[in-house]
Number of protein chains: 2
Amino acid sequence: MDETLTDPRDEPLPESLSARDRFDKIHDDMRSRICLLEYPPGMKLSETELATEFGISRTPLRRVLARLEDEGLVTSVHGVGTMVTTMDMAELAQVYRLRKELVLLQTSLDTVPPSPALIARVEQLLGRAEALKSAPSAKEFSMLDRDMFLTLLDLTANAPLRLMSERLYFRTARIWLQQVTASQIDLMQEIEIYAGEVQDILDALKLGDLDAIGHIRRGHISLSFARMQK
Amino acid sequence: MDETLTDPRDEPLPESLSARDRFDKIHDDMRSRICLLEYPPGMKLSETELATEFGISRTPLRRVLARLEDEGLVTSVHGVGTMVTTMDMAELAQVYRLRKELVLLQTSLDTVPPSPALIARVEQLLGRAEALKSAPSAKEFSMLDRDMFLTLLDLTANAPLRLMSERLYFRTARIWLQQVTASQIDLMQEIEIYAGEVQDILDALKLGDLDAIGHIRRGHISLSFARMQK
DNA sequence: TTCTCGCAATTTGTGCACATCTTGTGCGGT
DNA sequence: ACCGCACAAGATGTGCACAAATTGCGAGAA
């Protein structure tokens, strides 16, 4: 691995953020790394290494790890280490069953009518989905799915629902990506199906039929999990 | 306030728990204090005072506060302090609307048939409810409602659903208690209604009709919130 | 009197050294 | 050769001192 002590990715880090902003940034970064399998399940994370990499001390980094542990992405054991969690099928099934229900609530509870800006964002996402057909990439696909999820989350104004849905999503996203990477799912087929789903959602958005969106997504989650199990 | 430096309540604390157990114990304790209005909304909490009271240093206590902040029970601001959060009606309404939906899932998603032990526990709770009629106490009522909630949570085996429902419950319980204490709700009336609800739930439990329980509870949550608003 | 500026007190956030716990390894006995 | 125990290495957990940030108070000028 490389020798850079400062964060080597993205922005050159504006060097003066509030403590809270620093925390959020590092948390999102770590979560992203875990969900994109940069830190695969079972991997041991070193507090001191991560601290020096982010240019902070162990104390604030431990707060990030504590939150990731609350979210179920890592587990820390005294004297042993901090490991990225894994998930068995039974646990995964529980999360998927719950997500299937919550996705309906996302388009029926405290909904906000889709703004033109939101529709434009989905159109952009559709473009990315179409582009993936000619250049398949599991990681790009995963990022697209994440952006799509976060975009559609704006359809509900119910803050607790948004928070819980987000946590559940980030809990399972990496497992799905892992299955794809292990070729247990045919990537090209998934992309085709996904592009079709985005198109359907976009049509429903333009019609303002939020209920339809909920059921489209529910069906997609259900089938996606079914394909994972086979 | 008194001068005791060690935890004055419950057990004499077995003095040697694992770090994780200590954390959980202090967290549950703090959450309980907040939900029973011992620490009312807006109250400023002192890290150093709490640390000395629990007989630990600020470092592990800060971890507890961080988790409570994640759960939305307190907020910490650099240079200002840590305050117990308050909730406006709009936010409260969002949580209640979501809880109304989740309570249905609790008796329809990954359900486990009610064990005789669980039924016996509910029968005990019914006894407590009846006893409250002759000796009304807002705090006792709140603790009864909490125990009832946690007991019925055993009807679902879906771990993520259990976790989320629990967090949402502890988020609103104190606000409800606050309204009762402020006499904006007639305590005696609430107890009567509640005892009736427990009886209905018990009957449904004995029949194994979980779906009925979901709708009984949903109705109760809905009406309870309606009475709060008036 | 009133407004403004600045300092001091208080509180949370951070860095670092040390305590505690687990695990692997190697030595010695059987 | 094998089993067991003790110790060392390395990880997380804790305590403490200091840094950073906000707020309130008070002195001084207009």
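The chains referred to below are lettered A, B, ... by the order of the sequence lines, with proteins before strands, and numbering in each begins at 1. All values reported here derive from a predicted model rather than from experimental measurement.
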Q.
For dT14(D) and Thr59(B) - does any side-chain N or O of the residue sit under 4.0 Å from the phosphate oxygens OP1/OP2?
A. no
Q) Met83(A) CE to dT23(C) C1': how many Å, rounded? A) 12 Å
Q: In whole angstrom, give the distance that lies between atom CZ of Phe23(B) and atom P of dT20(C).
A: 21 Å
Q: Report the relative orientation of the aromatic rings in Tyr169(A) and Phe149(A); use parallel for angles under 30°, tilted for 30 to 60°, perpendicular for over 60°.
A: parallel
Q.
Please classify the nucleic acid contact of Leu65(A) as base, sugar-phosphate, or nothing, using heavy-atom distances under 4.0 Å.
A. nothing
Q) Would you say dT12(D) has OP1 or OP2 under 4.0 Å from some side-chain N or O of Thr82(A)? A) yes
Q) Rounded to the Å, how far apart are Glu69(A) CD and dT12(D) C1'? A) 11 Å
Q) What is the ring orientation for Phe225(B) with Tyr96(B), classed by angle as parallel under 30°, tilted 30 to 60°, or perpendicular over 60°? A) parallel
Q. Counting only distance, no hydrogens or angles, is the base of dC21(C) paired donor-acceptor with the side chain of Ser18(B) under 3.5 Å?
A. no
Q: Whole angstrom is fine here: how far is it from CZ in Phe54(A) over to C1' in dG15(C)?
A: 18 Å
**Q.** Given DNA chain C, 5'-ward residue of the pair Lys44(B) and Arg58(A), judged by closest heavy atom
**A.** Lys44(B)
Q) What is the distance from CZ of Arg63(B) to P of dG13(C), rounded to the nearest Å? A) 16 Å
Q. Rounding to a whole Å, what distance do you find between Asp24(A):CG and dG13(C):P?
A. 12 Å
**Q.** Out of dG15(C), dG13(D), dT12(C), whichever nucleotide has its closest atom nearest the side chain of Ser76(A)
**A.** dG13(D)
Q | Between Arg217(B) and Gln106(B), a side-chain donor and acceptor under 3.5 Å | A | yes
Q: State whether Arg22(B) places a side-chain N or O below 4.0 Å from either non-bridging phosphate oxygen (OP1 or OP2) of dG13(D).
A: no
Q: Map Pro60(B) and Val80(B) onto DNA chain D by nearest heavy atom, then report which one ends up closer to the 5' terminus.
A: Pro60(B)
Q. Between Glu47(B) (CD) and dC16(D) (C1'), how many Å, whole number?
A. 14 Å
Q. Less than 3.5 Å between a donor and an acceptor, one on the side chain of His78(A) and one on the base of dT20(C), is that the case here?
A. yes
Q | Side chains of Gln179(B) and Arg227(B), donor plus acceptor under 3.5 Å | A | no
(Q) For the residue pair Ser32(A) / Asp29(A), report whether a side-chain donor-acceptor contact shorter than 3.5 Å exists. (A) no
Q. dG13(D) phosphate, OP1 or OP2: any side-chain N/O from Arg20(B) under 4.0 angstrom?
A. yes
Q) What integer distance in Å separates Arg62(B):CZ from dG15(D):P? A) 14 Å
